[in-house]
Amino acid sequence: MRKNIVAGNWKMNTTVAEGVELAKAVAAGSSEVPSSVELIIAPPFTHLVPVAEVVGGTRIGLSAQNCADKEKGAYTGEVSADMLVSAGCKYTILGHSERRQYYGETDATLVDKVKLAISKGLSPIFCVGENLDEREAGRHFDVVSEQIKNVLYTLSADEMAKVIIAYEPVWAIGTGKTATAAQAQEIHACIRKVVADKFGALAEEITILYGGSCKPGNAKELFACPDIDGGLIGGAALKAEDFIAIALSF
Ligand code: 13P
């Protein structure tokens, strides 16, 4: 059975002390959320260890926002999958559009990152999505299909079973513009079909999250769609109350 998940990507926000407080507030609010909904938070690297102490023993899963494409060694400034596991992470976001756009992350690098993360026991939250030009040119299905094929088609079925996909249209991230539920459902169904073309029935088990200006006010409509299994939340994840309200929208 595929899971319903609400994941908070804190991006480059909060100090360590603020992050610990936010994690405590999310943990306190999580008791209201039905156990059928999985909760994940993805703080910055510096926050992982103290936040792991806060969420340890709660139902909240810990995720990183990125992970190195190399196992270990002389790669100054990088953080490895082993380090994330040792800090208490079960997940890592990979291929976020901000990494692709501002830090030159390519599908080729992402193949290495996704495989390495899985081999170390992490579940990747693998992000795909088109930019505004691509959407306006009607190329969004092709762009997203290519992203999936270039990276996820290199995985075995056992590896693929560990992946969570997040569809995040770049034009909807932090802009206040959300994809309509119909637009999101249409592309989520396409993503599931592309996964099914390679992995067959496993596609039905894969969780596909929507991300991009998802808020308490629009989450219900989005989550009601048959191929939308939850959300990857940016701005609204920085307020525990909003994050929990989104998790209550199934
Ligand atoms: P916003 O919810 O701030 O639009 O960000 C979405 C996102 O990029 C989550 O990874």
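First listed ligand is number 1; within each ligand, the first listed atom is number 1. Position 1 is the first residue of the sequence, and the numbers go up from there.
The aromatic rings of Phe250 and Phe223 lie parallel to each other, with less than 30° between the two planes, well short of the 60° mark.
Close approach of ligand 1 to Gly212 is summarised as follows: ligand atoms under 4.0 Å from at least one heavy atom of the residue are 4 (O), 6 (C). Each of the atoms 9 (C), 10 (O) of ligand 1 lies under 4.0 Å from some heavy atom of Leu232.
Checking Gln147, Glu130, His188, His140 one by one against Tyr167, the side-chain hydrogen bond (donor to acceptor under 3.5 Å, both in side chains) holds for a single residue, Glu130.
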Between Leu232 and Ile164, is a side-chain contact (heavy atoms from CB on, under 4.5 Å) present by the stated rule, with each step listed? CA-CA 11 Å; Leu232 181 55; Ile164 296 162; over 6 Å; no
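Residue pairs meeting the side chain to side chain donor-acceptor pair (under 3.5 Å) criterion with at least one member in residues 225-241, sequence neighbours excluded: Arg2-Asp229, Gln185-Asp227, Arg192-Asp227, Arg192-Asp229.
Counting heavy atoms from C-beta outward, Ile173 and Ser97 have side chains that approach closer than 4.5 Å. Annotation: side chain of Ile165 is in contact with side chain of Ile148 (closest heavy-atom distance under 4.5 Å).
Using a non-hydrogen distance threshold of 4.0 Å, Ala236 does not register as a contact of ligand 1.
Residue contacts with ligand 1, taken as heavy atom pairs separated by less than 4.0 Å, involve Ala172 solely via the backbone atoms N, CA, C and O. With a 4.0 Å heavy-atom cut-off, ligand 1 is reached by the side chain of Asn9 but not by its N, CA, C or O.
Between His96 and ligand 1, at least one N/O pair is under 3.5 Å apart. Considering backbone and side-chain N/O of Gly174, one or more are found under 3.5 Å from N/O of ligand 1. Between Ser213 and ligand 1, an N or O atom pair is found at a separation short of 3.5 Å. Residue-to-ligand polar distances place Gly234 within reach of ligand 1: an N/O pair is separated by less than 3.5 Å.
For atom 5 (O) of ligand 1, the nearest non-hydrogen atom of the protein is Lys11 NZ, 3.2 Å. With respect to atom 3 (O) of ligand 1, the closest heavy atom belonging to the protein is Gly235 N, 2.8 Å. In terms of protein heavy-atom proximity, atom 9 (C) of ligand 1 is nearest to Glu168 OE2, 2.8 Å.
The side-chain hydrogen bond (donor to acceptor under 3.5 Å, both in side chains) check on Asn13 picks up nothing, with sequence neighbours excluded.
Glu168 and His96 share a side-chain donor-acceptor pair at under 3.5 Å.
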